[in-house]
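Remember, predicted model here, so these are calculated numbers, not experimental data. Because only heavy atoms are used, hydrogens play no part in the values below, and waters and symmetry mates are left out as well, while side chains stay in. Labels below follow one simple rule: chain letters A, B, ... track the order of the sequence lines, proteins then strands, and each chain is numbered from 1.
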Amino acid sequence: MTAAVDAGWADPRRLYREGRQAAALLNQARETIAADLGVRPSELSFHLGGGPAALTAALEGLAWPRRRAGSRLVASAVEHSNVLLAGRYAVAQSGDPLRFAEIGVDRAGRVDLDAFAAALTDPTTAVAALQHANGEVGTMQPVDAAYRACAERGIPLLVDGQASVGRVRAPASYAALVADAATVAGPPLGLLVVPERTAFRRPGPPREAEFGRADAPVWVPLALAAAEAWQQAAAVRDDDAGSARALTDRLRAAAAAIPDVEVAGDDGERLPHIVTCSALYVDGETLVGELDRRDIAVASGSACTASTLEPSHVLAAMGLLTHGNIRITVPWRATAPDRDSGVDRLITALPLVIGEVRARLGAGGL
Amino acid sequence: MTGHSEPGPGDRGAGGLDDGDAVIVDARETRCPMPVIMAAKAAQDLPDGARLVVLATDPAAAADLPAWCRLRGHTLLDLHLGDEVRADIRLGT
């Protein structure tokens with residue numbers, strides 16, 4: 001990152017030497033990431049504010065050209081909150097419940113494809129949105145089938161690849177695709193792919209930055225660092241995914257062997273590096289704290305954890321326990337060479353910690 | 001059926017079902033996972049077929065009480081959401 005700042009500090013719109021150098025480096029960064037995504041550089045825009053900012057820009061930009069048809073949004077119940085909140089806000093503002101169709105998921109977190117396709121038949125549908133994979137439970141969505149259902153009706157499908165793209169290969173079917181360089185251990189930088197065939201225009205006065213798609217020009221060093229991380233990740237992606245999957249296979253089996261622990265998400269069609277499980281009669285806050293004391297860093301979708309006040313909408317939509325939840329993200333081997341031993345320590349610690357917490361809450365024999 | 005009846009604040013709750021001989025578990029103002037633990041403790045002494053009405057203010061209870069029923073093979077008869085969560089449960093199937 002320091003090298004990126006040294007090389008790309010100047011304003012790429014300026015014509016002095018450092019400015020021209022920054023502009024050339026920015027072009028290179030864009031070309032690097034675009035090539036890995038299999039798209040043209042002009043189809044890829046960078047968004048400060050990360051994946052969520054790119055997601056909001058994409059929703060707006062796909063919906064506006066469709067405004068004569070209507071403004072209805074169709075999306076799964078496990079989408080990113082920027083999608084769900086936009087839909088619910090539109091319903092609340094208009095008083096029209098048809099403005100947003102929130103499609104349920106099964107116990108594994110996979111969207112109900114029949115209900116999704118049925119919701120598209122409303123002629124006022126402007127945009128549909130579906131994740132490539134869910135970042136909380138790892139389940140992959142049937143993006144290709146959803147894309148075909150959308151294409152039949154001329155509805156653009158926004159695919160949210162924030163949790164997946166970079167870590168696994170990008171999907172092929174979308175009207176717009178969102179990703180985040182943080183997924184490849186880069187800085188948080190939103191990536192938005194809008195293929196030339198897609199009608200895209202954000203409402204309001206024309207924007208200048210990033211082909212009119214972003215609110216502000218990207219800071220060049222951020223793009224350089226993102227491209228550097230992307231390139232490193234792409235070089236090891238398939239190998240890394242293979243060994244990460246072996247680790248998450250072990251983690252899933254170990255967690256499932258603990259009494260009253262449910263492992264979330266699809267066993268097969270899932271991201272290679274994420275495991276989520278919920279332990280009955282345990283609070284997520286204590287679980288995270290106890291593991292942290294053992295130098296094991298995990299996240300939680302439970303409401304009682306410091307990061308959130310509401311329980312995870314993803315776990316709730318799947319019908320799973322929201323309490324006692326932990327989410328383990330297996331890091332890239334390149335950034336965490338000791339990840340195998342970290343997984344070993346977690347597998348040893350988890351049943352002990354869960355047993356301790358249950359005993360403390362008087363829930364041992366329940 | 002030996003379920004004992006207790007007067008509880010949920011007797012005339014919004015759930016619509018008659019609380020009749022249900023055991024009331026008042027888990028309001030407790031945080032997850034306490035509503036589920038309190039429900040499980042109450043269920044321990046009751047036979048299959050007994051009814052349990054669990055009241056909670058923690059929004060997580062809306063997801064966690066149904067999930068507990070599924071894990072333990074109990075039947076969720078009714079779930080009322082609002083400022084208060086009210087789950088009407090029949091133990092066993």
Judged by atom type as modelled, is there a donor-acceptor pair below 3.5 Å linking the side chain of D64(B) to the main-chain atoms of T322(A)?
yes

Using every non-hydrogen atom in the two residues, find where Y281(A) and A40(B) come nearest and quote the distance to one decimal.
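For Y281(A) versus A40(B), the nearest heavy atoms are OH-CB, 3.2 Å.
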
Backbone N/O of G319(A) and side chain of R70(B): donor-acceptor pair under 3.5 Å:
yes

Interface residue of largest heavy-atom contact number with chain A, from A61(B), A60(B), A63(B), under 4.5 Å:
A60(B)

For E269(A), does the CD atom have more than 12 heavy-atom neighbours from other residues, nucleotides or ligands under 6.0 Å away?
no

Closest approach of L361(A) to M34(B) (non-hydrogen atoms, all atoms of both residues):
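Answer, listing the atom of L361(A) first, then M34(B): CD2-SD, 4.2 Å.
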
Distance check, rounded to the nearest 0.5 Å: L366(A) atom CG versus M38(B) atom CE?
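Between atom CG of L366(A) and atom CE of M38(B) there are 12.0 Å.
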
Any chance you could measure W68(B), atom CH2, to L280(A), atom CG, to the nearest 0.5 Å?
9.0 Å

Taking atom CD of E29(B) as the centre, report whether more than 12 heavy atoms of other residues, nucleotides or ligands fall under 6.0 Å from it.
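Incorrect, the count does not exceed 12.
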
CD1-NE2 distance between I37(B) and H323(A), expressed to the nearest 0.5 angstrom
7.0 Å

